[in-house]
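Each residue takes its place number in the sequence, starting with 1. For clarity, every value in this text was computed on a predicted model and none was experimentally measured.
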Amino acid sequence: HMRTHTGEKPYKCTQCDYCCAQSGHLKRHMLTHTTEKQYVCTVCHKAFGQNSYLTVHMRTHTGEKPYKCTECEYCCTTVRNLRTHLYTHTGEKPYKCSQCDYCCTTLGCLKVHVRTHTGERPYKCKQCNYSSSQYSHLKSHMRTHTREKPYKCTECDYASSQTAHLKKHMRTHTGEK
């Protein structure tokens, strides 16, 4: 329990950057690396190694957001997201860069930021020489190869590979500049 106060996370995954304060959490995390994924979504057929992950995933289909902020109207699907949201009210940014003044609310954001110092681009396209420091950028890039256009206009037949392009297009309907 004391590690929740000190922030110490001595248990480290041997297969990724995950680290935690309790050995039980590491054991549960290790299941994410096993190929056995017996819990399958009945809606989209995505498979998970743990039932709890499936439960959280199902909320993307049901729209259920059981975790509610006591300070505002925000609600979300996981307690972790609620904890991170609460920083918007406290102003706390507990993750600090050791190389500059940058600080943020999540470890994931800090890891992405650190890559601006290291130049690391771990997400590589298998079809060309593109690489990125963020997975979301690679995912967006992949649409240049697949021609997928998941962002669709509700007013006409326009579709785009990126949300920014759709937002710009939507202004043609609203008259906004």
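A continuous path of hydrophobic side-chain contacts links Tyr102 to Val114 [ILVMFWY only; heavy atoms under 4.5 Å]. If you chain together hydrophobic residues whose side chains sit under 4.5 Å apart, Tyr18 and Met30 fall into the same group. Both Tyr135 and Met142 are part of a single hydrophobic cluster, where members link through side-chain heavy atoms under 4.5 Å apart. Hydrophobic clustering of Ile, Leu, Val, Met, Phe, Trp and Tyr side chains at less than 4.5 Å, counting indirect connections, unites Met58 with Tyr53. There is no path of hydrophobic side-chain contacts, each under 4.5 Å, that joins Val40 to Val56.
Pairing each heavy atom of Thr154 with each of Met170, the nearest pair is OG1-CE, 4.0 Å. When all heavy atoms are compared, the tightest approach of Leu26 to Tyr11 is CD2-CB, 3.9 Å.
The number of heavy atoms from other shown groups lying within 6.0 Å of NZ (Lys12) is above 12. By the neighbour-count criterion of 12 heavy atoms within 6.0 Å, atom NZ of Lys46 is sparsely surrounded, having that number or fewer from other residues, nucleotides or ligands. Summarising the local packing, NZ of Lys68 is surrounded by more than 12 heavy atoms from other residues, nucleotides or ligands at distances under 6.0 Å. Counted within 6.0 Å of NZ on Lys96, heavy atoms from surrounding residues, nucleotides or ligands total more than 12; the atom is thus considered enclosed. Counted within 6.0 Å of CZ on Arg115, heavy atoms from surrounding residues, nucleotides or ligands total more than 12; the atom is thus considered enclosed.
With a 4.5 Å cut-off on side-chain heavy atoms, Cys41 and His61 count as touching. Side-chain contact between His85 and Cys72 is present, with heavy atoms from C-beta onward closer than 4.5 Å. Residues Tyr95 and Thr105 fail the side-chain proximity criterion, which asks for heavy atoms closer than 4.5 Å. Side-chain contact between Ser52 and Tyr39: absent, with no pair of heavy atoms (C-beta onward) separated by less than 4.5 Å. By the 4.5 Å heavy-atom criterion applied to side chains, Thr116 and Ser133 are not counted as neighbours. Here the side chains of Gln162 and Ser140 are in contact, with some heavy-atom distance below 4.5 Å.
A donor-acceptor contact shorter than 3.5 Å links the side chain of Arg59 to the backbone of Thr77.
Side chain to side chain, Ser161 and Arg143 fail the donor-acceptor criterion of an N or O pair below 3.5 Å.
For the atom pair CD of Glu120 and NZ of Lys111, the computed distance is 10.5 Å after rounding to the nearest 0.5 Å. The distance from the NZ atom of Lys65 to the OH atom of Tyr74 is 7.5 Å, given to the nearest 0.5 Å.
Considering Arg147, Glu148, His141 in turn, His141 is the only one that fulfils the side-chain hydrogen bond (donor to acceptor under 3.5 Å, both in side chains) rule with His145.
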